[in-house]
Amino acid sequence: MIVRNLNDIRKSDRNVRSDGWASARMLLKDDGMGFSFHITTMFAGSELKMHYQNHLEAVFILKGSGTIEDLATGEIHRLEPGVLYALNDHDRHIVRPETDILTACAFNPPVTGKEVHDEDGAYPADADLVPAD
């Protein structure tokens with residue numbers, strides 16, 4: 001059984017911060033669950049262009065509001081509490097938080113905890129293979 005406290009994770013190296021977002025990585029690849037689980041905040045006023053070429057992601061909005069744009073279709077969807085979006089086709093997208101958006105996210109395959117977005121907005125296929133800074 002794995003039991004973790006969000007406040008403890010936010011004070012550890014499992015809390016990853018980058019331009020426009022911070023992610024408390026509650027479950028990672030080495031936990032052996034087959035997915036990773038994160039509590040992520042996307043900050044108001046940022047424009048987060050992402051394209052997870054190596055991962056599928058599901059995101060559930062807990063607090064806040066904004067939009068997500070599907071770059072393949074041009075469709076824009078509202079993000080608000082209770083909405084889930086799933087990037088089931090490695091969808092290129094832009095999230096535009098109007099307020100800070102608090103989310104719960106699951107990644108498959110699981111991330112290792114070392115990932116940050118590359119120039120394409122993707123995570124590497126396996127961050128265990130990425131040299132440490």
Side-chain angles (χ1 to χ4, degrees):
M1 179 181 295
I2 300 168
V3 177
R4 296 201 171 109
N5 183 293
L6 177 59
N7 291 327
D8 294 337
I9 295 294
R10 285 187 169 150
K11 296 174 192 169
S12 78
D13 63 354
R14 285 178 170 251
N15 196 61
V16 177
R17 193 175 183 97
S18 191
D19 292 335
W21 58 270
S23 182
R25 293 165 176 191
M26 305 293 292
L27 291 172
L28 293 169
K29 180 180 179 181
D30 65 2
D31 292 313
M33 295 291 295
F35 63 92
S36 57
F37 183 79
H38 316 189
I39 300 298
T40 299
T41 302
M42 296 179 279
F43 300 118
S46 57
E47 183 171 287
L48 304 168
K49 186 175 184 179
M50 295 173 274
H51 182 201
Y52 295 118
Q53 299 166 39
N54 304 303
H55 297 84
L56 300 176
E57 181 189 26
V59 178
F60 184 74
I61 311 303
L62 299 166
K63 288 172 64 173
S65 63
T67 61
I68 183 170
E69 179 179 354
D70 181 334
L71 293 176
T73 66
E75 287 182 281
I76 296 175
H77 304 275
R78 287 290 309 155
L79 300 178
E80 56 192 24
V83 171
L84 174 128
Y85 65 87
L87 304 168
N88 62 317
D89 197 22
H90 304 284
D91 309 276
R92 289 177 38 244
H93 62 287
I94 299 174
V95 176
R96 295 180 180 96
E98 295 161 357
T99 66
D100 286 357
I101 298 176
L102 181 67
T103 66
C105 312
F107 277 85
N108 183 21
V111 301
T112 66
K114 301 172 187 172
E115 294 85 356
V116 292
H117 298 104
D118 66 15
E119 63 279 355
D120 296 320
Y123 288 154
D126 191 342
D128 285 338
L129 304 176
V130 176
D133 292 336

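FYI, the numbering just counts along the sequence from 1.
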Applying side chain to side chain contact (heavy atoms under 4.5 Å, CB included), name anything that partners [X], two or more places apart in sequence or on another chain.
X: Leu6; result: Arg10, Ala24, Met26, Ile39
X: Asp30; result: Arg14, Leu28
X: Ala44; result: Asp100
X: Glu80; result: Val83

Provide the closest heavy-atom pair for [X] versus [Y] in the form atom of the first, atom of the second, distance.
X: Pro81; Y: Gly64; result: CD-O, 3.3 Å
X: Ser46; Y: Gly20; result: OG-O, 3.7 Å
X: Phe35; Y: Pro110; result: C-CB, 3.4 Å

Which residue pairs pass the salt bridge (charged side-chain N to carboxylate O under 4.0 Å, His left out) test with at least one member in residues 61-75, sequence neighbours excluded?
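Every pair satisfying salt bridge (charged side-chain N to carboxylate O under 4.0 Å, His left out) with a residue in residues 61-75: Glu69-Arg96.
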
Using atom types as modelled and distance alone, determine if a side-chain donor or acceptor of [X] lies under 3.5 Å from a backbone N or O of [Y].
X: Thr103; Y: Thr40; answer: yes
X: His90; Y: His51; answer: no
X: His38; Y: Ala106; answer: no

Do [X] and [Y] land in one hydrophobic cluster if side-chain heavy atoms of ILVMFWY residues count as linked below 4.5 Å?
X: Val59; Y: Leu27; answer: no
X: Ile9; Y: Val111; answer: no
X: Leu84; Y: Ile94; answer: no
X: Leu48; Y: Val16; answer: yes

Is there a side-chain contact between Phe43 and Asp19 (heavy atoms, below 4.5 Å)?
no

Are more than 12 heavy atoms, taken from residues, nucleotides or ligands other than Asn5, located less than 6.0 Å from that residue's CG atom?
yes

Roughly how far apart are [X] [atom1] and [Y] [atom2], rounded to 0.5 Å?
X: Met50; Y: Leu87; atom1: CE; atom2: CG; result: 8.0 Å
X: Cys105; Y: Met42; atom1: SG; atom2: CE; result: 6.5 Å
X: Ser65; Y: Leu79; atom1: OG; atom2: CG; result: 8.5 Å
X: Asp91; Y: Ile68; atom1: CG; atom2: CD1; result: 8.0 Å
X: Trp21; Y: Thr41; atom1: CH2; atom2: OG1; result: 11.0 Å

Residues in salt bridge (charged side-chain N to carboxylate O under 4.0 Å, His left out) contact with Arg92, at least two apart in sequence or another chain:
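Not a single residue meets the salt bridge (charged side-chain N to carboxylate O under 4.0 Å, His left out) criterion with Arg92.
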
side-chain contact (heavy atoms from CB on, under 4.5 Å) between Val95 and Tyr85: does it pass, once the steps are laid out?
CA-CA 11 Å; Val95 176; Tyr85 65 87; 3.7 Å; yes

Please step through side-chain contact (heavy atoms from CB on, under 4.5 Å) for the pair Arg78 and Thr67, ending with a clear verdict.
CA-CA 5 Å; Arg78 287 290 309 155; Thr67 61; 3.7 Å; yes

Assign the ring pair Tyr52 / His93 to parallel, tilted or perpendicular, where the plane angle (0 to 90°) is split at 30° and 60°.
tilted

